[in-house]
J.: 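Right, I'll just put the structure down here and ask away after.
Counting convention: from 1, in listed order, for ligands and their atoms alike.
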Amino acid sequence: MDYIKERIIEIGRPKAEMVKDLIKKHGDDVIQDVTLGQVLTGMKGMVSLLTCTSKLDPEEGIRFRGYSIPQLQELLPKLHQEGEPLPEGLFYLMLTGELPTKEDVNHISEQWALRAQGIPSHVFDVINALPKDAHPMIQFNSAILAMSTESQFRKAYLTGMDKKDYWAPTYEGVMDLISRLPVIAAYIYRRVFHNEKYIDIDPSLDWAANLSHMMGYDSIEVQRLMRLYMVIHADHEGGNVSAHATHLVGSALSNPYYSFSAGMNGLAGPLHGMANQNVMHWINKMLREIGTDSPSTSQIKDYAEMTLRNGQVIPGYGHAVLRKTDPRFTVQLEFAKKYAPDAPLIQLVDKIYQVVPDILEKTGKVKNPWPNVDAISGSLLSSFGITEYPIYTVLFGVSRALGVLTQLIWDRLYGLPIERPKSQNLQWFAEKVNYQP
Ligand code: HAX
């Protein structure tokens, strides 16, 4: 057996027993009161999910198994001293809760490069059957579903296995799926934007560098950017739409492909992962309408205010949990200032950052006026040559697999049951609070 699986058993079994014991001894304890406002505004702040891979603090931002992004930059294995951490290391950390060694990371890199080569040809047929102008997220998700013919979980389930072992075929499916997503993403990218001139996987490269390579970018800078991008988008606690959707569908014991596909359908929404593409759309439209590549702060202010007057959101700003500038925004801005200080788009992002929070604050209703991860990620990719912004959410999706699928393995280790909250109609809520119009 793969030594990582043995490690998961060692770590996971006592935790699974703890979950059962907690339910038995404290299942009736009240842990939190719930307000009507929470229910009617998307369950914000309601603790209702068990997630171990990462935790989001409103002021500080994301921590993966307790480690902040700057700490991960220090502690996770890298290819070069000055370089970005390898996403393989973050995967290992989220999976086991332990910092990986260089050997662990190399082992995962090799495993993924090997598994990536087993994509059945019908998956590419499915992509090719779609029109080229179908959004890359449609192509991506269709391919994910098409790959579920390979589900090891389904086969194992039908053999009638013990449910405490469900995590093991889930792990196999997750490893296959994560290994193959860069191939799929790059295939879609080359199909849509580069005349179907496909580039083969290079098994000697790490996972993120391979994605960059298969997309047609072999510079050290883009490889580094891709590693950074893959690390910072990997997870954001359990309640965000892509994580929660993956968990919810997974709770019906749907295989990892079905579960992840559900998450990706959520990521494709403009209030979630599609925001990275929409930021570019918003910026380009602003430049076109103002008629300059270098608008002044007062022109940006006018345009942002017009966006609000038209009843639209300013993409890349605001967050359901965060109440400060997203550290994922900051780390990208630092990367950009170091490696592409003169990039006009980055300077523009910086200028927008000076203007927009104040405008959102003045509305009196936006709870977080600060930029989120999507406010800069597209401009950064674009500044390094990846200018085709419909692919950005797909890249986000490749990264998000690391967190949500690791959590799926843990859901099965914990033996979590099917998710089934109670719903009520409007009358019920009104009566509950003695509502008087
Ligand atoms: N521009 C304009 N209005 C905004 C806004 C923004 N950027 N952010 C919030 N608001 C508005 C909301 O639409 C809401 O208006 P109504 O009361 O009229 O319905 C009000 O402010 C209160 O909303 P909130 O409580 O502050 O925010 P929510 O938790 O409801 O929503 C969102 C959080 C991220 C969806 C929201 O801030 C938004 O729409 N931002 C723009 C889209 C975006 O950048 N999404 C990506 C978020 C990060 C992410 O998931 N990446 O994948």
J.: Is the shortest distance from atom 14 (C) of ligand 1 to a protein heavy atom below 4.0 Å?
T.: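 Given the 4.0 Å cut-off, atom 14 (C) of ligand 1 does not count as touching protein heavy atoms.
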J.: Which ligand 1 atoms are under 4.0 Å away from a heavy-atom of G318?
T.: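 Near G318, the atoms of ligand 1 are 34 (C), 37 (O).
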J.: What is the closest protein heavy atom to atom 44 (O) of ligand 1, and at what distance does it sit?
T.: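 Looking at atom 44 (O) of ligand 1, the protein heavy atom closest to it is G316 N, 2.8 Å.
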J.: Flag atom 31 (O) of ligand 1 as yes if some protein heavy-atom distance to it falls below 4.0 Å, otherwise no.
T.: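 For atom 31 (O) of ligand 1 the answer is no, since every protein heavy atom stays at 4.0 Å or beyond.
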J.: With a 4.0 Å cut-off on N to O distance, would you call R115 and E172 a salt bridge?
T.: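 The answer is yes: the pair qualifies as a salt bridge.
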J.: What residues form a side chain to side chain contact (heavy atoms under 4.5 Å, CB included) with I199, not counting sequence neighbours?
T.: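 Listed in chain order: R190, H213.
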J.: Write out all pairs satisfying salt bridge (charged side-chain N to carboxylate O under 4.0 Å, His left out) with one or both partners inside residues 345-356, taking only residues at least two apart or from two chains.
T.: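 Sorted pair list: K337-D350.
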J.: With heavy atoms of G273 as the reference, note each atom of ligand 1 found under 4.0 Å away.
T.: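 By the 4.0 Å cutoff, the relevant atoms are 52 (O).
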J.: Looking at R191 and E196, is any side-chain nitrogen of the basic one under 4.0 Å from a carboxylate oxygen of the acidic one?
T.: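 A salt bridge is absent here (no side-chain N lies under 4.0 Å from a carboxylate O).
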J.: Could you tell me whether A275 approaches ligand 1 through its side chain, its backbone, both or neither, with non-hydrogen atoms closer than 4.0 Å?
T.: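 The answer is the side chain.
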J.: For Y258, look at atom OH and say whether over 12 heavy atoms of other residues, nucleotides or ligands are found less than 6.0 Å away.
T.: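 No, because the 6.0 Å sphere around OH of Y258 holds 12 heavy atoms or fewer from other groups.
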J.: Just to confirm my output: which protein heavy-atom neighbour is closest to atom 27 (O) of ligand 1, and how far is it?
T.: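 Of the protein heavy atoms, H319 O, 4.6 Å lies nearest.
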J.: Answer yes if a protein heavy atom lies under 4.0 Å from atom 19 (O) of ligand 1, otherwise answer no.
T.: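 No, no protein heavy atom sits under 4.0 Å from atom 19 (O) of ligand 1.
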J.: Nearest protein heavy atom to atom 6 (C) of ligand 1, by residue and atom, and its distance?
T.: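 Scanning the protein heavy atoms, the shortest distance from atom 6 (C) of ligand 1 goes to I314 N, 3.7 Å.
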J.: Which atoms form the tightest heavy-atom contact between Q299 and P295, and what is the distance?
T.: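 Taking every non-hydrogen atom into account, OE1-CA, 3.3 Å.
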J.: So which of K367, H272, R400, Q312 gets nearest to atom 52 (O) of ligand 1, if we judge by its closest heavy atom?
T.: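 Going through K367, H272, R400, Q312 one by one, H272 has the nearest heavy atom to atom 52 (O) of ligand 1.
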J.: Among all protein heavy atoms, pick out the one at the shortest distance from atom 22 (C) of ligand 1; state its residue, atom name and that distance to 0.1 Å.
T.: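 Of every protein heavy atom, K365 O, 3.4 Å lies nearest to atom 22 (C) of ligand 1.
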J.: Run down the list L322, L271, I359, N240 and name the one with the heavy atom closest to atom 46 (C) of ligand 1.
T.: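 Going through L322, L271, I359, N240 one by one, L271 has the nearest heavy atom to atom 46 (C) of ligand 1.
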J.: Give the single entry among Y317, W282, W370, F396 that approaches atom 40 (N) of ligand 1 most closely by any heavy atom.
T.: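 Result: the heavy atom closest to atom 40 (N) of ligand 1 is in Y317.
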J.: Any donor-acceptor pair under 3.5 Å linking the side chain of W207 with the backbone of I178?
T.: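 The answer is yes, because a donor-acceptor pair under 3.5 Å joins these two groups.
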J.: Indicate yes or no: does R65 engage E98 in a salt bridge with an N to O separation below 4.0 Å.
T.: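 Judged by the 4.0 Å cut-off on N to carboxylate O distance, R65 and E98 do not form a salt bridge.
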J.: Can you check which of T393, V241, L308 brings a heavy atom nearest to atom 2 (C) of ligand 1?
T.: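 Among T393, V241, L308, the closest heavy atom to atom 2 (C) of ligand 1 comes from L308.
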J.: Is the H272-H236 ring centre distance short of 6.0 angstrom?
T.: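 H272 vs H236: aromatic centres not under 6.0 Å.
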J.: For R224 and Y339, work out which heavy atoms get closest and say how close.
T.: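 Nearest heavy atoms, R224 then Y339: NH2-OH, 2.7 Å.
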J.: Going by heavy atoms, is K44 under 4.0 Å from ligand 1?
T.: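 Right, K44 reaches ligand 1.
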J.: Can you check which of T307, V366, N372, D374 brings a heavy atom nearest to atom 49 (C) of ligand 1?
T.: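 Going through T307, V366, N372, D374 one by one, D374 has the nearest heavy atom to atom 49 (C) of ligand 1.
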